[in-house]
Amino acid sequence: MLTLKEPVLRMKNVTKEFPGVKALDKVNFNIYQGKVMGLLGENGAGKSTLMKILAGIYPTSSGDIFYRESKMQVDSPRKAQESGIAIIHQELNLVPEFTAAENIFLGRNPIKSLGNINWKKLYADAEKLLEHLNLAGLSRKLIKDMSIAEQQMVEIAKALSLNAEIIIMDEPTDALTSTETESLFKVIRKLKSEQKCVVYISHKLNEISQICDDVTILRDGNLVSECEISKINEDAMIELMVGRSLSEQFPKIESALGEVVLKVKNLTNKWVSDISFNLRRGEVLGISGLMGSGRTELAKTIFGVYSTSFGVIEIEGNEIKIRSPQKSIESGIVYISEDRKNDGLVLGMSVKENLSLSSLNQISTTWGHLLNRKEIDVAEEFIKTMSIKTPSLNQEIKKLSGGNQQKISIGKGLMTHPKILILDEPTRGVDVGARKELYTLINQFKLEGMGIILISSEIPEIIGMCNRVLVMHEGKIKGELKSSQITQDNIMRLAVGITEVHS
Amino acid sequence: MNSKILFKYKSLIGLIGFAVIISFLNPRFLTTPNLLNILRQTSINSLIAVGMTFVIITGGIDLSVGSSLALTGAISAWLIISGVHPVVAFVATLGAGSLIGVVNGLIISKGKAQPFIATLAVMTAVRGITLLFTDGRPLGLGHESNAEVFSKIGTGFFLGIPIPVYIMIIAFGVAYYTLRHTRLGRRVYALGGNEEASVLSGINVDQVKIAVYGISGMLAAVAGVVITARLNSAQPTAGSGYELDAIAAVVLGGTSLTGGVGSVLGTIVGVLIIGVLNNSLNLMNVSSHYQLLIKGVVILVAVLIDRKK
């Protein structure tokens, strides 16, 4: 595609080889003045590697980087910073115990003549930057007391304080609600109007369409396309990313609902209040709501992580006293965490060891001797039925893609033969191709008669997968939506606390 | 995994290289009596380090082992003096050691205390109990027949090899098996690798913590018995600083203080490095003041090499 714009920064024929893998193969990447460049690709396509090269974290194997037409060496993160390149990682790099201002000027505190910190100037300067990002009055707030969205803004303020010309955002909206995403977009538009350049990495195609001016698509370390956003639609983007057409995103299937498998009555504790609902066999019950509405807390309460002060949980008509995840798993409930890295998987352990972690009793003798052969057999079976892609059973799990990690996380739960499966944001950080596989798996569990609770921030996912949806707001169930009532509009209305819905 | 194996060999290569150099410097080093001597001397540190390996893999630390060694040693001596059968005394002492460990485990799991500070407190308190119990004086075993049998645990030989060496080998074997081939072992690694994930995977992490500190306390008691039997008396000040030698050995063996990673094989190499170092410095008549300095430097260098990878 012919573009007449001259890029501010040009990466030319960039190749990066790791032992045994070519992560990038002669990739060209352009960033234009005052524009937002979207960077798309499945996990493992090379997006992060490309950006890490730009941020000076990795050296290139070959290829050049030109900044305003002159060749540039970015051989350290410091060099990148000095050249005006800032990267805002998915995992934010802030000191939780410090205020926003201290974080913005970390290591660069303004000092007075005696060498002591000029606090007045520090806060005044920080306040000015934050005001610019529509966050006036936050400079004295501690990072740990901030929402993720606010923390991200602090990172952006920090980048601006370093006179960044190019700001790279890696999946910035993954943990944001839609209102927060909207305010992030406002800030991005403001940066644009100030002629700053933004690189926007995301899995969310609708966001790419909304905020980006151009998009670059990578697949398997190769550049597939660079084009203006107005000239491409979402379906075409998916096709370019995965290299094949995805006929439909949500392969919804109808199945007969069985008897009630889970009954929750008046469940109340510190996080949720008066929660009652039923779940049937073969049903996918969606739980929607904004971040902080108590969805995850509800799931963890049912699973026994948090204690219950009031209320009853029945499985197949029998009241159970759940006090720990261990007991819940024994009673047939499994919870698959939204946060694979922090509380879902043991990243240093192998594929096999993670899969069997919840079912060690099944693969050992009464005395606790592990039956190696049995463990391998069971793990292999799951790898096959869930089509998990791994070089071996002994592969360390941190080296697998997000989609495969998620499958292992689910497989670990399934190995305990649950009656009720609670999936918390199962497709977060999972690429488009693997998402569809996960949806197919969920449908399969549904046909097998499992009761499934699907917690998700992705409204299309809720609409596409669920029989029924509960929408939470401030720890309570604000409403229940069935079949044709399940619409984006209704979910959003309930999520922000408006109770009347359109049918 | 590869780098871990590499490191395991790295420290092993270091150990062998070091031994070769010493054997050239001092011909007495590579003699059977001296090698057996090294093994016997390392047996105490080995026992403690094996327990410490469990604790450190879970991401914890156990500073109380040196004090536990002294108290359990005194308990065993008192039982022997009271005329108890040596086997009963041995088992009861192990029970006492495990109990101290379980107390550590309870404070850390149920009390949600930091392992460092919890075991530091227990270390201090147990040392106090030992001093009260012994009135600050050594307890001699005496010369009754049960004392004669008991002291064989520390001084005896079987097929020309000291008994403590057998005890050490058994401890290594059982620990290796437990970590590699049992449910408990798997849970120990999982807990150290990711505590939150372990909880959500249905692992009773409190139980695992109590178990590892219990094991550590029990092995400290075995060391307490061996040392008491060897010296024919229990010293109330025995074992001071032993926890640090054990931690050094575990870390030299490639076990990470952040948890989740480590092995008994590494710990074996670690204790041997420290043992060979002590022995060779003694053979070469290096003054004890220099010995500590040199030991510190060696540990530092080894750890820095590991960080380089």
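Each chain gets a letter, A, B and so on, in the order its sequence line appears, and its residues count up from 1. Computation of the quantities below employed the complete heavy-atom set of this structure, encompassing side-chain atoms and omitting hydrogens, waters and symmetry-equivalent molecules.
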Show me, pair by pair, the donor-acceptor contacts under 3.5 angstrom made by side chains of residues 100-107 of chain B, not counting sequence neighbours?
{"residue": "B:N104", "atom": "ND2", "partner": "B:S64", "partner atom": "OG", "Å": "2.9"}

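Taking a cutoff of 4.0 Å between a charged side-chain nitrogen and a carboxylate oxygen, A:D424 and A:R340 do not qualify as a salt bridge. Salt bridge annotation for A:E380-A:K352: absent, with no cationic side-chain nitrogen under 4.0 angstrom from a carboxylate oxygen. Using a 4.0 Å cut-off between charged nitrogen and carboxylate oxygen, A:E297 and A:R295 do not count as a salt-bridge pair.
Proximity to chain B is limited to the backbone of A:L345, based on heavy atoms less than 4.5 angstrom apart. When heavy atoms are compared at a cutoff of 4.5 Å, A:E375 approaches chain B solely by way of its side chain, counted from C-beta outward. Of the atoms belonging to A:T365, it is backbone heavy atoms, and not side-chain ones, that fall under 4.5 Å from chain B.
In terms of non-hydrogen atom pairs under 4.5 Å with chain A, the most contact-rich of B:G185, B:G192, B:G193, B:G202 is B:G202. Among the candidates A:D339, A:L347, A:N361, the residue making the largest number of heavy-atom pairs closer than 4.5 Å to chain B is A:N361. Ranked by non-hydrogen atom pairs under 4.5 Å with chain A, the options B:E196, B:E195, B:R183 are led by B:R183.
Summarising the geometry, atom CD1 belonging to A:I302 is positioned 8.0 Å from atom CD1 belonging to A:I275; distances are rounded to the nearest 0.5 Å.
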